[in-house]
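Written below as structure tokens is the structure these notes are about.
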Amino acid sequence: MIRRSATDAFSLLEVIVSTAILVTSSMILLRLIAVGSKHQDRSERRAWAQIVCHDLVDQWVIDPVSIDSVDRSPVPGHPGWDYEAEVAATDYPGVRRVRIRVFANASVQDDAIAAASQSTESELDARPTFELVRWMRVPDRPGASG
């Protein structure tokens, strides 16, 4: 018959300590996954906002006469996104400073991000997702005084 000594097995204390280490490590890794997912959603939303903003600028480059200040309104062709534009004169004739701010609607906002940041929907709605300032050459409108 083979006899085992007392040192061949794990003690109860060793099992408890290793289980505690395993549980703690698992909790930390799960938290990191949640944080990574939140940052992925945020960066994805910013990337889309940048695409929407550049799309608006491209439309205005094609048709510079249509450049005008706009209060917050939906972006045509991009459901779930709003924009506002501020057009200001510069010291250079025929050049305007165009500031475009793009906002994600509540439909685009992630409820988990709203809960995590402890911001209300209206606070999240008020912050632009992306903002772009560009100087554009704008032809003078017939009959406009400037």
Side-chain angles (χ1 to χ4, degrees), residues 7-146:
T7 59
D8 287 345
F10 290 111
S11 70
L12 181 60
L13 181 61
E14 290 172 327
V15 171
I16 291 173
V17 168
S18 63
T19 303
I21 291 171
L22 178 67
V23 168
T24 304
S25 300
S26 298
M27 289 172 47
I28 290 170
L29 288 175
L30 287 174
R31 178 68 181 140
L32 286 175
I33 290 170
V35 168
S37 177
K38 181 177 86 168
H39 287 293
Q40 175 194 1
D41 291 342
R42 186 181 302 162
S43 66
E44 199 172 289
R45 191 169 42 256
R46 284 185 182 159
W48 272 111
Q50 184 176 5
I51 290 169
V52 169
C53 198
H54 282 284
D55 186 37
L56 286 168
V57 169
D58 291 342
Q59 290 175 20
W60 288 340
V61 166
I62 292 170
D63 184 19
V65 177
S66 68
I67 298 175
D68 204 3
S69 293
V70 177
D71 289 332
R72 189 166 173 171
S73 61
V75 179
H78 295 281
W81 293 96
D82 292 341
Y83 80 103
E84 62 183 30
E86 176 186 311
V87 180
T90 63
D91 293 336
Y92 304 99
V95 176
R96 303 285 183 265
R97 179 183 174 271
V98 180
R99 177 182 176 198
I100 305 165
R101 300 172 78 190
V102 177
F103 302 85
N105 282 351
S107 61
V108 178
Q109 297 283 355
D110 185 18
D111 294 333
I113 291 177
S117 67
Q118 306 208 347
S119 299
T120 64
E121 190 173 305
S122 61
E123 288 172 341
L124 282 174
D125 226 20
R127 287 186 272 168
T129 306
F130 189 77
E131 183 173 337
L132 177 70
V133 176
R134 182 163 176 179
W135 288 36
M136 300 179 74
R137 199 170 285 281
V138 179
D140 289 330
R141 294 184 183 124
S145 60

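We're numbering straight along the sequence, starting at 1.
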Testing the basics here: between Val15 and Phe10, what is the closest heavy-atom pair and its distance to 0.1 Å? CG2-CB, 4.0 Å

Rounded to the nearest 0.5 Å, what separates atom CZ in Arg46 from atom CZ in Arg42? 6.0 Å

What is the minimum heavy-atom distance between Trp81 and Asn105, and which atoms define it? N-ND2, 3.8 Å

How far does CZ of Arg137 sit from OG1 of Thr90, to the nearest 0.5 angstrom? 9.5 Å

Quick one: pull up CD in Glu131 and CZ in Phe103 and give me the separation to the nearest 0.5 Å. 8.0 Å

Give the C-alpha distance, both sets of side-chain angles, the deciding distance and a yes or no for side-chain contact (heavy atoms from CB on, under 4.5 Å) between Ser18 and Leu22. CA-CA 6 Å; Ser18 63; Leu22 178 67; over 6 Å; no

Among Val133, Val75, Val57, which one satisfies side-chain contact (heavy atoms from CB on, under 4.5 Å) with Ile100? Val57

With Glu86, the salt bridge (charged side-chain N to carboxylate O under 4.0 Å, His left out) member among Arg134, Arg97, Arg101: Arg97

Which atom pair, heavy atoms only, marks the closest approach of Pro74 to Asp82? CA-OD1, 3.5 Å

Find the distance between CD1 (Ile28) and CZ (Arg31) and round it off to the nearest 0.5 Å. 11.5 Å

Thr24 side, atom OG1; Leu29 side, atom CG - distance, nearest 0.5 Å: 11.0 Å

Do you know the tightest heavy-atom contact between Thr129 and Arg45? CG2-O, 3.8 Å

Using modelled atom types only, decide if a donor and an acceptor are shared between the side chain of Ser37 and the backbone of Ile33 within a distance under 3.5 Å. no

Stepwise salt bridge (Lys or Arg N to Asp or Glu O under 4.0 Å) test for Glu84 and Arg99: CA-CA 8 Å; Glu84 62 183 30; Arg99 177 182 176 198; over 6 Å; no

For the NE2 atom of His78 and the CG atom of Leu56, what is their distance to the nearest 0.5 Å? 6.5 Å

Atom CG of Asp71 with >12 non-hydrogen neighbours under 6.0 angstrom: no

State, to 0.1 Å, how close Val87 and Asp68 come at their nearest heavy-atom pair, and which atoms those are. CG2-C, 3.6 Å

